[in-house]
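Chain A is the first sequence line, chain B the second, and so forth, proteins listed ahead of strands; every chain is numbered from 1.
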Amino acid sequence: MSETAERDYRDTLRLPKTAFPMKAELPKREPARVAWWRDERTYERRLERNRANAPWILHDGPPYANGELHMGHFLNMVLKDMFVKIALLDGKWAEFVPGWDMHGLPIELETLKHLGIKDFHAIDPLELREKCKERALYWLDRQRDTRVRMGTFGRYERPYRTIDPSFEATIVETLADLAEKQQIYKGLRSTLWCVHDETALAEAEIEYEQKVSPSIYVRFPFSDAQREKLYAVLRQAQHDTERATQSSPSVTLSDPSVTLSLSKGLSFLIWTTTPWTLPANVAIALRADATYGLYEIDGEGLVLATALAESALGDRFADAKLLATTTGEALDGLAARHPFLDRDSAIVLADYVDLETGTGAVHTAPGHGADDFETGMKYDLPILNPVNASGHFTDEAGPYAGQFIFKANKQIVEDLRASGMLWRAHEYEHSYPHCWRCHNPVIFRATAQWFIAMDQNRLRARAIEAAESVAYDPEWGETRLKQMLENHPEWCISRQRTWGTPIPALVCAGCGESVLDPQVARKAAKRFAEVGASVWWSDPVETYLPDGFACPTCGKQAFDKEKNIVDIWFESGVTHFAVLGHDGLPWPSDLVLEGGDQYRGWFRSSIVTAVAVKNAAPYKRVVKNGWVNDEHGRPMSKSKGNGIDAKDAMEKWGADVLRLWAASVEFVDDVRFGPNVVEQVGRVYRNVRNRIRFMLSNLDDLGAADVVAREALQPLDALACSVVDAFVADVKALYDRYDIHGAYLRIVEFEGTMSSLYFDALKDPLYSRAENDARRRSAQSALLYALKRFLTAAAPVLSFTAEEAWQEIPTALRGDETSVFDSSFAAESIDRKALSADLALWEELRSLRAQVAGGANVRDFEAKVRIEAGAALFKRLAHLGDNLREALVASQCELVESSALEADAAVLDIVSAHGEKCRRCWKFRTLGSDAEHPSICAECASVVRGQASA
RNA sequence: GGGCCAUUAGCUCAGCUGGUUAGAGCGCAUGCUUGAUAAGCAUGAGGUCCCAAGUUCGAACCUUGGAUGGCCCA
């Protein structure tokens with residue numbers, strides 16, 4: 001070998017070159033990209049460009065402005081962003097207005113805690129509201145930063161906020177609309193009440209502590225008439241059993257001697273630990289599917305659930321004789337007598353009746369319990385409220401009027417004992433709700449509240465109808481939402497707190513009636529729109545009185561302002577009115593996307609307000625995302641220590657890897673998240689990144705003038721472009737079906753096929769050909785096309801990486817598409833038929849390549865491949881020319897037609913290539929044609945000579 | 001306790017209206033490459049499709065019951 005033969009030709013090759021780093025360092029780099037998007041106004045500019053096109057609006061369900069965002073928020077917010085970007089790249093006017101839910105008790109409580117105040121009555125409402133506002137804004141800022149850091153696009157400089165004067169005005173306007181349609185009324189509701197502080201409490205202000213209460217079993221006797229009805233039911237049940245089992249019961253109810261044996265009366269037996277609620281009793285609730293028995297004990301008849309008879313009857317269970325049984329359902333509609341007041345107690349059914357404690361017959365006082373209240377509403381029972389604010393009985397409580405309820409307990413038990421209505425009594429220690437402030441036991445007490453009447457004007461029915469016009473993903477969302485509407489109790493929208501939007505109701509100074517007048521409300525809305533709702537606390541009432549306004553009940557013209565605020569579910573329920581339907585944003589929205597808990601929450605509250613006011617659904621499609629659990633499928637929570645903040649996760653792994661994770665899981669279902677899951681998706685990310693890098697690194701020397709037109713591409717490159725087109729079309733179709741996960745799978749698959757077949761084939765032409773060689777320029781042009789189309793398709797998911805790569809494309813090749821978000825999915829219309837032929841050929845090449853790569857002992861360029869192909873396949877392969885050899889990564893390729901084979905069949909013969917390995921291009925060739933370069937092939941020699949002369 | 005949902009390789013998931021030996025990516029093992037190199041390519045090992053019963057010529061897929069987990073309620 002001569003000295004020249006030893007020469008290393010590496011520096012004569014066109015090896016890949018790019019500034020796009022292999023190592024992503026996402027946590028470090030992403031913040032700069034966020035700032036770049038902001039400075040470039042990337043989103044705004046694209047919106048402006050799309051302005052003339054069809055709008056597509058995803059309406060944001062507002063996160064609550066309290067606490068840091070967690071991975072559940074991340075998943076939801078990033079998914080929303082993906083859909084917004086998909087619409088944007090599709091040319092739609094996709095204005096996304098992010099919003100925040102900023103009023104409400106959690107913020108009020110947190111603020112009070114910070115101020116060191118336990119009783120909110122002890123602070124001036126205006127001052128407290130100011131402090132709450134500061135707090136809510138603090139959280140909004142933090143959450144907004146985190147949200148922007150995720151790489152999400154939206155109108156962040158002007159979000160909607162439920163504390164904005166305009167928003168507060170919308171809330172009050174909506175109240176006016178509802179009042180006008182007589183959809184709102186004031187009624188009683190059972191609320192948690194502290195008799196010591198004389199105030200209503202929220203669920204969050206309750207602490208459970210142990211308490212000793214009297215545990216009593218009480219008789220509710222049957223009247224003569226009701227007793228006959230009971231017998232009739234029991235006889236029917238007995239009759240049915242006889243027929244079903246073909247056996248006679250040992251005791252026959254028809255036998256008069258049996259019923260006569262109950263000489264000492266007949267009663268329902270109930271159990272309670274709050275004797276003081278008995279004056280408000282109006283019903284006994286049973287469980288529909290439970291078995292109830294009539295027991296005889298020493299001549300007395302008692303009815304209770306058989307499953308609880310032993311524990312309820314105690315010592316005397318041994319003496320009890322079961323006479324007959326029936327189901328709770330059969331007893332529905334009967335009645336018993338109140339044990340000491342002159343009225344009936346209705347027998348009703350309720351789901352919550354359990355068979356663990358008591359008698360299975362639950363004392364029901366709608367004024368003194370949440371469940372009881374619901375049952376009361378359902379059965380239209382009177383809601384008695386014989387207890388005043390300080391916990392003393394009113395005259396309604398008959399003999400106990402004036403007594404403090406907890407003291408009256410003892411008296412009531414003694415009276416029951418004396419009247420013979422007490423079965424037995426003992427002490428009972430249990431967990432009982434207490435006031436967090438004064439630590440006294442709390443009670444349920446009926447108070448006057450504002451309600452939206454769900455069945456007035458067929459509101460519930462119309463909401464259900466409207467829900468049917470909406471599309472759902474998953475489809476069962478429709479059933480779920482309709483179920484929620486169906487079971488929606490009367491919607492209580494008033495709260496006795498400070499941090500919220502006031503309900504502009506007036507109390508008549510004359511008769512004490514509350515009035516929510518549309519005119520008054522509209523005046524308030526106008527005033528709030530100008531200066532904010534806090535003025536309700538400072539304005540004189542006259543500000544809100546229309547001329548000549550008089551009490552509709554008594555005609556007096558003097559009023560006080562009522563001090564109730566609106567439930568925050570009502571506030572978030574009108575975001576669609578606040579945001580949509582003006583500023584060019586259409587009403588209803590095209591899409592809402594929230595966690596599954598919102599079927600009961602925001603999906604429901606939104607559709608109720610929309611139907612009440614506009615008689616239509618406020619959204620066209622409802623998509624639900626699943627819950628984010630930890631790696632073991634357990635719920636994440638801060639208290640358990642397995643909760644992960646979105647911000648921490650992004651600092652650790654980078655937003656883009658997490659965005660890819662969001663796409664890698666099936667978001668509709670519950671998903672798992674944790675270090676191992678991220679590790680896995682991180683490897684997929686690196687794969688994708690390196691393939692992007694390969695494409696970029698081969699475009700370094702491509703000028704705009706060098707780009708070969710699509711029609712002039714070499715066959716393999718044209719084929720690759722078809723594969724790209726098919727890929728983009730598929731991904732677009734998947735996006736359109738909201739199938740982000742499907743798109744993820746397609747992206748990963750596409751990258752694989754490009755890398756293993758196409759990139760490998762291109763290395764030799766790209767590296768060893770002359771810079772301006774036509775083959776090389778064709779390959780580069782196809783790579784450019786593939787890269788750009790790929791980045792566009794991936795941008796909704798991998799926003800940061802797609803943009804980073806886009807910025808590494810030589811400027812001249814990007815044209816006026818400064819950002820990847822200036823590009824579009826839509827290429828020229830695709831010829832589907834031609835495409836499918838191309839895709840088939842691509843798959844044939846994949847199969848041939850796999851046989852070459854995996855089948856023989858010879859490696860890559862050591863091989864000569866001889867292909868015998870049937871007529872049709874031969875024709876297709878022949879069309880590829882030398883590109884066929886490239887695709888197989890062989891040094892030599894011989895294609896022959898065989899009439900013996902099926903038209904599409906092929907037989908491969910892989911042998912050692914002849915010639916010697918070229919030192920430069922590694923292909924096996926006849927060497928030595930160029931005396932100066934004896935160790936390389938003629939083609940390489942020509943390239944090297946060209947370089948030397950240049 | 002009720003309603004709804006989920007359960008396919010170690011992990012994330014495909015599997016269209018029931019139809020040959022249930023697929024992919026990541027991981028793992030082995031080999032190649034060292035001109036994408038903290039990369040690339042190839043090959044391979046992994047599965048009583050949660051369990052049980054039923055319908056059917058045939059079930060991962062349909063029906064019923066159960067288990068486990070989740071969400072919303074109670």
Side-chain angles (χ1 to χ4, degrees), chain A residues 8-18 20-23 72 287-290 350-356 370-371 374 474 476-477 479-481 483-484 486-487 489 595-601 604 624-636 660-661 663-666 668-674 676-698 739 741-742 744-749 751-753 755-757 759-764 766-768 849-862 889 920-922:
Chain A
D8 178 11
Y9 285 94
R10 194 171 189 278
D11 58 358
T12 69
L13 295 165
R14 304 255 156 218
L15 293 179
K17 190 180 155 194
T18 179
F20 185 80
M22 183 179 285
K23 204 165 173 231
R287 192 182 171 83
D289 59 0
D351 293 341
Y352 53 79
V353 175
D354 74 67
L355 298 174
E356 305 294 316
D371 285 342
E374 295 305 334
W476 54 258
T479 320
R480 189 107 167 104
L481 181 58
Q483 231 169 45
M484 292 302 173
E486 189 62 56
N487 301 330
D597 52 336
Q598 300 305 333
Y599 288 117
R600 190 184 182 77
R604 178 176 72 170
K624 159 249 178 184
N625 64 261
W627 223 246
V628 179
N629 294 323
D630 73 8
E631 291 188 316
H632 309 289
R634 303 280 169 178
M636 295 212 273
L660 192 61
W661 160 77
S664 79
V665 294
E666 184 48 78
V668 171
D669 302 328
D670 291 348
V671 302
R672 296 181 183 204
F673 180 84
N676 293 316
V677 177
V678 181
E679 178 63 29
Q680 187 193 174
V681 78
R683 281 187 284 257
V684 176
Y685 173 84
R686 286 199 288 277
N687 261 343
V688 173
R689 187 178 176 88
N690 272 315
R691 281 142 191 189
I692 291 171
R693 184 166 179 271
F694 177 82
M695 290 188 267
L696 268 176
S697 65
N698 284 295
D739 189 355
H741 179 68
Y744 164 85
L745 293 176
R746 190 70 179 84
I747 285 170
V748 171
E749 187 212 345
E751 284 290 86
T753 181
S755 179
S756 62
L757 178 62
F759 294 174
D760 263 7
L762 291 190
K763 283 180 191 171
D764 176 51
L766 285 168
Y767 299 168
S768 61
R849 165 63 183 151
Q851 291 177 58
V852 174
N857 293 324
V858 283
R859 293 284 152 203
D860 290 352
F861 289 132
E862 292 170 16
V889 200
R920 185 168 175 277
C921 72
W922 295 347

Pick the [atom1] atom in [N] and in [M], then give their distance to the nearest Å.
| N | M | atom1 | answer |
| --- | --- | --- | --- |
| B/rG40 | B/rC72 | C1' | 50 Å |
| B/rU8 | B/rC57 | C1' | 25 Å |
| B/rU37 | B/rG46 | C1' | 30 Å |
| B/rU43 | B/rC5 | P | 42 Å |
| B/rA22 | B/rC26 | P | 22 Å |
| B/rU48 | B/rG2 | C1' | 34 Å |

>> Syn or anti for B/rG65, given that syn means the glycosidic angle lies within 90° of 0?
In response: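 Glycosidic conformation of B/rG65: anti.
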Return the nearest nucleotide to the side chain of [X]; candidates are [options].
| X | options | result |
| --- | --- | --- |
| A/W476 | B/rU37, B/rG40, B/rC5 | B/rC5 |
| A/H741 | B/rA14, B/rG35, B/rA42 | B/rA14 |
| A/D597 | B/rG35, B/rG3, B/rC71 | B/rC71 |
| A/N690 | B/rC41, B/rA14, B/rA39 | B/rA39 |
| A/W627 | B/rC72, B/rU12, B/rC13 | B/rC72 |
| A/R480 | B/rA38, B/rU12, B/rC71 | B/rC71 |
| A/N687 | B/rC72, B/rC4, B/rC26 | B/rC26 |
| A/Q680 | B/rC72, B/rC41, B/rC26 | B/rC26 |

> Can A/F694 be classed as stacking with the base of B/rA39, given a centroid separation cut-off of 5.5 Å and a plane angle cut-off of 30°?
Replying inline: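 A stacking contact does not exist, since A/F694 is not both close and nearly parallel to the base ring of B/rA39.
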> Do A/R920's NZ or CZ and the ring of A/Y767 fall within the cation-pi criteria of under 6.0 Å and 45°?
Replying inline: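 The answer is no, since A/R920 fails at least one limit relative to A/Y767.
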>> Is it the case that the base of B/rA36 and the side chain of A/S755 share a donor-acceptor contact (distance under 3.5 Å, atom types as modelled)?
In response: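 Flag set: donor-acceptor pair detected.
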>> Donor-acceptor pair, distance only, cut-off 3.5 Å: does the side chain of A/D670 make one with the backbone of A/W627?
In response: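 Answer holds: yes.
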> Between the side chain of A/S755 and the main-chain N/O of A/E751, is any donor-acceptor distance below 3.5 Å?
Replying inline: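 Checking the backbone N and O of A/E751 against the side chain of A/S755, no donor-acceptor pair under 3.5 Å is found.
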Just to be sure I understand the rule, does [X] reach a base, reach only the sugar-phosphate, or reach nothing, if contact means heavy atoms closer than 4.0 Å?
| X | value |
| --- | --- |
| A/R10 | base |
| A/D371 | sugar-phosphate |
| A/R600 | sugar-phosphate |
| A/R920 | base |
| A/W922 | base |
| A/K23 | nothing |

>> Need to verify one output field. Residue with the more 5' nearest nucleotide on RNA chain B, A/E751 or A/P635?
In response: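 Its nucleotide being nearer the 5' end, the pick is A/E751.
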> On RNA chain B, nearest-nucleotide positions of A/R683 versus A/M484: which is more 5'?
Replying inline: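 Of the two residues, A/R683 wins.
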Scan every strand shown for a Watson-Crick or G-U wobble partner of [N], both distances under 3.5 Å, and answer none if you come up empty.
| N | answer |
| --- | --- |
| B/rC41 | B/rG31 |
| B/rC49 | none |
| B/rA22 | none |
| B/rC4 | B/rG70 |

> Below 4.0 angstrom, N of the basic side chain to O of the carboxylate: do A/K763 and A/D760 qualify?
Replying inline: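 Salt bridge present between A/K763 and A/D760.
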